[in-house]
Amino acid sequence: MTEMSLYHQLASAIIDQIRNDSFKPGEKLPSVRALAKQQKISVSTVLAAYGVLEDRGFVEVRPKSGYFVRRVLNKTPKAPSINQSTSHPQKVTTPQRVMEVMRDGSSQQFIAFSVAVPGRDFPVVHQLKRSFAKVVRNETFLGIGYDSPKGNQPLRRQLARRAMDAGILVSPDEIVTTSSCQSALGLCLRALTKAGDIVAVETPTYYGLLQLIEAMGLKAIEVPSDPHAGMNVGALKLALEQWPIKAILTIPCYSNPLGSLMPDDQKRELIDLIYHYDIPMIEDDIYGELGYEGTRPKAVKAYDHKGQVLLCSSVSKTLDPQLGVGWVIPGRYQEQIEYQKFLNSISIARLPQLAIGEMLAHGGYERHLRHARESYRQRRDRLTELLLEHFPSETRFTQPQGGFVSWIQLPPGTNALKLYLEARQEGILISPGELYSSAANKYQRSIRLCYADAWTPEREMAIKTLGELVSQQLEDHS
Ligand SMILES: Cc1ncc(COP(=O)(O)O)c(C=O)c1O
């Protein structure tokens, strides 16, 4: 083991002890010499470890007294405020920025908080490799022509089994596999709408949805969302009374970008509303399995006995976007979705479907989810600490109960796009608020940060730099 990894190891062990309260705020840490003797390591290793703790804000040095655990920041974050008025239906414009963010996010040159991808440090990657190797050895995946339009049967069987956890009872034949959640959403919109139609979406919402709406010549009506509870059903009702809305598109379980979770009562109200107006709802459930507390939340589709909800998802957030496996549970629109899938791609690659099917059946998927959820919860907590410490006090942000993105509202007098550009110059990527609405200038003071990756000194320092850039903007403004 190298000297370098030893001091990092020691620093993380002490951080764990601070987090589980073995060392309390204000308490003195063992002296450098005492710890070196106790651990049978060099004084310089302990000093280096204490240096890391100091840099990361866990301890402070008191001259001639030693190292002390910092007092817990006596602040509770405030949730962002979202304007609760509904906009008129409008054409979504294609911001070049979306493509810039996606392009930069795939480069290794930056410290990225911009693109919502799972943490890269989970052992599941080895399990996935084993599942792929097993199906390559044992299964036929070439020389059999096109697959059924519904997709691979063993995978659909596993998906049907897992859907029960979300409260959805379906047979494997009521599921259609796709190459991603984005393509699943596209199939649904194509099946349900034609150019010029109005689609209701929550605001702020994932830019991929807005870009799909734009590409298909549809108009978006943006229904305000609550940072905790998601789409405002009262506001949706008013919009439905006023406009000929053809479909509703929402992310009820751990939305992107707010991380909100719709309460079950509200899910039932949503179902009542779509039944009353007899319109379909597309439910994006891509983060549904990533809740931090207890059992996974029910999908809105769990309350739908008429088949009016089309649920879309994929393994892009739970495993990896490179796997190219998504699905739709289309309810009464099954035939239209199968047809749209045929138009779009005839069928999708069999090998990843087989491997994911194998992984879900025997590959430790549940174990991986437990580990990922706990890691994301801890990573969210660390983000909270860092934001409270380094960002101006008027900053507001969400603390999601699932998923791995947080929505941050910067203080009045700042500009998120300016921050995005300045941070990019420093090699740090964030996602500016303007991407999350079709209305120009709507989220000029907001950014989204993805906290899926493990915190490292570099990533923590990047948050500090972002905080300094925001403070600088405030100073320049005053
Ligand atoms: C809410 C939501 N839906 C869909 C997608 C796209 O998922 P996929 O990679 O499976 O197309 C994303 C990716 O960020 C997302 O956040």
Side-chain angles (χ1 to χ4, degrees), residues 1-73 108-113 117-129 364 367-368 370-390 404 426-428 449-468:
M1 189 178 305
T2 65
E3 195 66 358
M4 164 118 162
S5 66
L6 196 56
Y7 77 75
H8 271 297
Q9 256 179 10
L10 180 62
S12 355
I14 299 174
I15 289 172
D16 284 346
Q17 285 181 303
I18 293 174
R19 286 211 169 114
N20 69 25
D21 254 12
S22 300
F23 285 125
K24 299 213 168 7
E27 198 174 317
K28 187 171 189 263
L29 290 183
S31 76
V32 174
R33 277 184 201 290
L35 191 57
K37 197 163 163 208
Q38 184 208 32
Q39 297 289 319
K40 300 192 178 55
I41 52 178
S42 70
V43 166
S44 60
T45 305
V46 178
L47 271 174
Y50 278 6
V52 171
L53 294 175
E54 197 188 347
D55 286 347
R56 294 178 65 182
F58 284 97
V59 302
E60 61 194 9
V61 193
R62 298 195 195 147
K64 302 211 178 105
S65 301
Y67 290 84
F68 289 79
V69 178
R70 285 183 76 144
R71 300 222 164 263
V72 175
L73 292 155
Q108 300 302 313
Q109 290 168 5
F110 295 95
I111 301 179
F113 300 95
V117 283
R120 278 164 267 206
D121 56 328
F122 299 137
V124 71
V125 65
H126 305 295
Q127 290 153 238
L128 274 167
K129 282 183 183 170
R367 193 167 0 111
H368 159 66
R370 273 199 304 280
H371 177 67
R373 290 170 183 143
E374 179 52 23
S375 304
Y376 293 145
R377 193 183 58 72
Q378 288 178 11
R379 289 169 192 181
R380 179 210 58 190
D381 289 348
R382 184 64 189 138
L383 177 66
T384 301
E385 289 168 357
L386 291 165
L387 290 172
L388 286 174
E389 183 165 9
H390 298 302
F404 42 65
E426 304 279 333
I428 304 166
L449 296 181
C450 170
Y451 54 82
D453 265 331
W455 288 106
T456 58
E458 290 74 25
R459 290 181 71 76
E460 295 198 350
M461 196 51 85
I463 298 290
K464 186 165 182 242
T465 306
L466 289 173
E468 285 164 359

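Numbers here simply count residues along the sequence, with the first being 1.
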Run the side-chain contact (heavy atoms from CB on, under 4.5 Å) test against Lys464 and tell me which residues pass, sequence neighbours left out.
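Lys464 satisfies side-chain contact (heavy atoms from CB on, under 4.5 Å) with His390, Met461, Glu468 once adjacent residues are dropped.
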[X] side, atom [atom1]; [Y] side, atom [atom2] - distance, nearest 0.5 Å:
{"X": "Arg373", "Y": "Gln378", "atom1": "CZ", "atom2": "CD", "answer": "14.5 Å"}
{"X": "Thr45", "Y": "Gln9", "atom1": "OG1", "atom2": "CD", "answer": "11.0 Å"}
{"X": "Tyr50", "Y": "Leu29", "atom1": "OH", "atom2": "CG", "answer": "4.5 Å"}
{"X": "Ile463", "Y": "Phe113", "atom1": "CD1", "atom2": "CZ", "answer": "4.0 Å"}
{"X": "Thr465", "Y": "Glu460", "atom1": "OG1", "atom2": "CD", "answer": "12.0 Å"}
{"X": "Ile14", "Y": "Leu35", "atom1": "CD1", "atom2": "CG", "answer": "5.5 Å"}

Ignoring hydrogens, what is the shortest heavy-atom contact between [X] and [Y]? Give both atom names and the distance.
{"X": "Val69", "Y": "Lys24", "answer": "CB-O, 3.4 Å"}
{"X": "Ala49", "Y": "Leu10", "answer": "CB-CD2, 3.7 Å"}
{"X": "Pro457", "Y": "His8", "answer": "CG-CE1, 3.9 Å"}
{"X": "Ala11", "Y": "Leu53", "answer": "O-CD2, 3.6 Å"}
{"X": "Ile428", "Y": "Phe110", "answer": "N-CD2, 4.3 Å"}
{"X": "Ser375", "Y": "Phe122", "answer": "OG-CE2, 3.5 Å"}

Please report the C-alpha distance between Tyr451 and Asp381 in whole Å, then the side-chain angles of each, then the deciding distance to 0.1 Å, and finally whether the side-chain contact (heavy atoms from CB on, under 4.5 Å) criterion is met.
CA-CA 10 Å; Tyr451 54 82; Asp381 289 348; over 6 Å; no
For side-chain contact (heavy atoms from CB on, under 4.5 Å), just list the numbers for Leu383 and Trp455, CA-CA rounded to whole Å, side-chain angles, deciding distance to a tenth of an Å, and then say yes or no.
CA-CA 9 Å; Leu383 177 66; Trp455 288 106; 3.7 Å; yes
Could you tell me if the side chain of [Y] sits less than 4.5 Å from the side chain of [X], heavy atoms only?
{"X": "Val43", "Y": "Val46", "result": "no"}
{"X": "Val32", "Y": "Tyr67", "result": "yes"}
{"X": "Pro30", "Y": "Phe23", "result": "yes"}

Please check if the side chain of Arg459 supplies one atom and the backbone of Ala112 the other of a donor-acceptor pair under 3.5 Å.
yes
Side-chain donor/acceptor of Tyr376 to backbone N/O of Gly119, under 3.5 Å
yes
Flag the pair Arg379 and Asp121 as a salt bridge only when some basic side-chain nitrogen lies within less than 4.0 angstrom of an acidic carboxylate oxygen.
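Looking at Arg379 and Asp121, the cut-off is met.
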